[in-house]
Amino acid sequence: MKQNLKRVLTLSLAALMLFATLMVVGCDNIKDPNDETKQPTTGGQSDGTGTGSETTPPDTIYDELPTGNYGGYELTILQYDDKGAQFSVLMDIEEDDGTLINSALWKRTINVESRLNVEISLLTCETTSDVSDKITADITAGDCNYDLFSNHSAHLANQVLNGQAISFAELEVIDITKPWWNQEVIESTALGNGEIYMGFGHINMSCYDAQCALFFNKSLVDEYQLGDVYGMVDAKEWTMDKFITICRNFAQNGENLYGVGAYPYVGAPGLIYGCNVDFYGKNAEGQLEYLGLTDKMYDVYSKMGAMLLDKTVANLEWATYFSSFATEEELFLICNISGMKYFRNDKVDYGAAPFPMYNEEQDGYLSYTTNQIQGVCVSFETKDVARAATIMENLAAESYKQMNDVYFDQLLNERLLRDDKSKEVLAMIFETPLVLPVNAVYDLGLASNIFAFDGGDLDIASRVEACRSAVDAKLKEFYGKT
């Protein structure tokens, strides 16, 4: 998808700093980590892997959308109402109150309802489990109270594995190559043979809210003479070894000083996956296979993991890792993009940086997102698959038209970043391929906390190998079903 952000950031950043463009791209992270030639490709290039935003500007989306007249049918969507997200784009807006976000959402819904002669009803749940339980009960009873459902990707994955969602192969009118979908993230959740069940993109902007980045205290970098972070980033010299050295050097200056702060289950793994490693690859048939612990993954974990498990260098405590950055006790903070809103009124002079590469030979930086991103599925019990797919495609496209500029204008202009260089780097971060790890989404026998950053040890080899039989059995079971 991510090229669909190019238009808004070109407009916003040109006025601020003459920055060229922002092309937000994703990547299929299901690759062979041992093969450095299999780097993710940037969407929208001549290889045809992009999402086509160059040929689909927002004002012409209607030329390419499926149409229909559904006689006032009420389409019902069940969604987890994630209060932590910056914006939750499947919200139900009753009227145009004049605020930018609500006005865009209202126009999105009204336009789709008018175009297709439908009524869109959105029901929200307070917890992710509530969504899963209600969908399960609805499908078991055969009631069809919900046509679509939206939830954190890990919860959707369980429902996919339980046969509760319809494959995109049956949703013929949905075109994931369009700029309103994040094609690469969608394909990264496919379990092989092109079987796709979850849609990610503008239909729910948590796809971008949940993207993680490194934020650093610029004043502390200067005070302790730790180097030119932006210079290293620009020169493609921002590597794992340099990051670790900077973190350790800073932490040596005081008992309560930390090189990096992160939540162990959310942000910290980004430092591993930013080095282009994974536990899974794909076989010749396009199906997932378990790679186990590759030599490269072991090297990354033995260095980055050792630092993150060192409590004198890394602060992974949930209660303090965020606040310690605000009190200038941490040099780096890993958090998702929506977390920037908490620094709006702080005095910390901070900048943004991508996750460091494995080494300078790596073909570019990688971004990382968590399984908190919300996807959208079509319920197995929907009575008219074509109707549900048509409305879903129209909602995604109209969200792209109405929300794209609004979302990123606010992200850039509400003082979430304090200087032009930080905004330039944030644009670059959005441009980098986006990794959504398989083991963070699907319960395939390999625990999502396999790195044990919550107080475990460095013996990852035994943990990974111990999972092999369970992973192989689950993969065999799934492919037997499909």
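From a predicted model like this one, the values you see are computed outputs, not experimental measurements.
In this structure, Ile429 CD1 and Ser422 OG are separated by 9.0 Å, a value rounded to the nearest 0.5 Å. One finds the CG atom of Asp278 at 11.0 Å from the NZ atom of Lys296 (value rounded to the nearest 0.5 Å). Rounded to the nearest 0.5 Å, atoms CG (Leu148) and CG (Leu395) are 7.5 Å apart. In this structure, the separation between OH on Tyr263 and CG on Asn336 is 12.5 Å, given to the nearest 0.5 Å. Here CD1 of Ile272 is found 6.0 Å from CE of Met304. Values are rounded to the nearest 0.5 Å. Summarising the geometry, atom CD belonging to Glu113 is positioned 10.0 Å from atom CG belonging to Leu75; distances are rounded to the nearest 0.5 Å.
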In sequence, state the C-alpha distance, the side-chain angles, and the governing distance for Glu119 and Tyr73, and then conclude on side chain to side chain contact (heavy atoms under 4.5 Å, CB included).
-> CA-CA 6 Å; Glu119 180 179 342; Tyr73 174 76; over 6 Å; no

Please assess Cys275 against Met357 for the test side chain to side chain contact (heavy atoms under 4.5 Å, CB included), listing each intermediate value before the final yes or no.
-> CA-CA 5 Å; Cys275 292; Met357 300 182 293; over 6 Å; no

Passes salt bridge (charged side-chain N to carboxylate O under 4.0 Å, His left out), Arg468 versus Glu465? Steps please.
-> CA-CA 5 Å; Arg468 183 174 294 277; Glu465 192 57 34; 3.0 Å; yes

Would you sort out whether Tyr321 and Leu333 count as a side chain to side chain contact (heavy atoms under 4.5 Å, CB included), showing the intermediate values?
-> CA-CA 8 Å; Tyr321 86 92; Leu333 171 72; 3.6 Å; yes

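Ile77 places none of its side-chain heavy atoms less than 4.5 Å from the side chain of Phe149. In this structure, the side chains of Thr189 and Leu436 come closer than 4.5 Å at one or more pairs of heavy atoms. Residues Leu65 and Trp180 are in side-chain contact: their nearest non-hydrogen atoms beyond the backbone lie under 4.5 Å apart. In this structure, the side chains of Leu214 and Pro356 come closer than 4.5 Å at one or more pairs of heavy atoms. Between Ile373 and Val185, the closest side-chain pair of non-hydrogen atoms falls below 4.5 Å. By the 4.5 Å heavy-atom criterion applied to side chains, Leu116 and Thr390 are counted as neighbours. Taking 4.5 Å as the limit, some side-chain heavy atom of Pro354 sits within range of a side-chain heavy atom of Val425. Side chains of Trp106 and Asn111 form no contact here, defined as non-hydrogen atoms less than 4.5 Å apart.
Formation of a donor-acceptor pair under 3.5 Å by the Ser114 side chain with backbone atoms of Ile110 is not found in this model. The backbone N or O of Val378 sits nowhere less than 3.5 Å from a side-chain atom of Thr382 that would complete a donor-acceptor pair. For Ser167 (side chain) and Tyr197 (main-chain N/O), no donor-acceptor pair under 3.5 Å exists by modelled atom type. A donor-acceptor contact shorter than 3.5 Å is absent between the side chain of Arg108 and the backbone of Glu398. Remark: the backbone N or O of Thr128 is paired with a side-chain donor or acceptor of Asn151 at under 3.5 angstrom. Judged purely by atom type and a 3.5 angstrom limit, Asn204 uses its side chain to pair as donor or acceptor with the backbone of Ser206. Side-chain atoms of Asn117 never come within 3.5 Å of backbone atoms of Tyr70 as a donor-acceptor pair (strictly under, hydrogens ignored).
With sequence neighbours excluded, the residues forming a side-chain contact (heavy atoms from CB on, under 4.5 Å) with Ala389 are Leu171, Val173, Ile174, listed by chain and number. When the side-chain hydrogen bond (donor to acceptor under 3.5 Å, both in side chains) test is applied to Asp130, the partners found at least two apart in sequence or on another chain are Thr127. Scored by the side-chain hydrogen bond (donor to acceptor under 3.5 Å, both in side chains) test, Thr76 finds no partners at all (sequence neighbours excluded). Judged as a ring-ring contact (aromatic ring centres under 6.0 Å, His included), and not counting sequence neighbours, Tyr365 has no contacts. Legend: residues meeting ring-ring contact (aromatic ring centres under 6.0 Å, His included) with His152, ordered by chain and number and at least two apart, are Tyr80. Residues forming a side-chain contact (heavy atoms from CB on, under 4.5 Å) with Asn158 (at least two apart in sequence, or on another chain): Asp443. Qualifying ring-ring contact (aromatic ring centres under 6.0 Å, His included) partners for Tyr290, counting only residues two or more places apart in sequence or in other chains: Tyr280. Looking at residues two or more places apart in sequence or on another chain, you find a side-chain contact (heavy atoms from CB on, under 4.5 Å) between Ser323 and Thr320. Annotation: side-chain contact (heavy atoms from CB on, under 4.5 Å) contacts of Ser469 (sequence neighbours excluded): none. For Phe325, the ring-ring contact (aromatic ring centres under 6.0 Å, His included) criterion is met by Phe343, not counting sequence neighbours.
Identified under the salt bridge (Lys or Arg N to Asp or Glu O under 4.0 Å) test for residues 372-397, with sequence neighbours left out: Glu381-Lys383. For the salt bridge (Lys or Arg N to Asp or Glu O under 4.0 Å) condition, no pair includes a residue of residues 134-158, sequence neighbours left out.
The aromatic ring centres of Trp181 and Phe200 sit 6.0 Å or more apart. Remark: aromatic rings of Phe279 and Phe451 are close, center separation under 6.0 Å.
Using cut-offs of 30° and 60° for the angle between ring planes, the Phe355 and Tyr368 rings count as perpendicular. Using bins of under 30°, 30° to 60° and over 60° for the plane-to-plane angle, the ring pair Tyr301/Phe453 lands in the parallel bin.
Residues Ile166 and Ser379 approach most closely at CD1-O, 3.3 Å, considering heavy atoms. The minimum heavy-atom distance linking Ser150 with Gly375 is given by the pair OG-O, 3.0 Å. Shown here for Leu293 and Met297, the closest heavy-atom pair between the two residues is CD1-CG, 3.5 Å. In this structure, Leu434 and Asn182 approach most closely via the heavy-atom pair CD2-ND2, 4.2 Å. Across every non-hydrogen atom of Ala396 and His202, the tightest pair is O-CB, 4.0 Å.
Neither side chain, Tyr400 nor Lys178, offers a donor N or O lying under 3.5 Å from an acceptor on the other. Inspection of the Ser367 and Gln211 side chains reveals an N or O donor paired with an N or O acceptor under 3.5 Å. Side chains of Thr136 and Gln164: a donor on one and an acceptor on the other come within 3.5 Å.
Residue Glu170 qualifies as enclosed at atom CD: its count of foreign heavy atoms under 6.0 Å is above 12. Remark: Glu317 CD is loosely packed, at most 12 non-hydrogen atoms of other residues, nucleotides or ligands lying under 6.0 Å away. Open room surrounds CZ on Phe380; 12 or fewer heavy atoms of other groups in view lie less than 6.0 Å from it. The 12-atom threshold is not exceeded at CD of Glu126, counting heavy atoms of other residues, nucleotides or ligands nearer than 6.0 Å.
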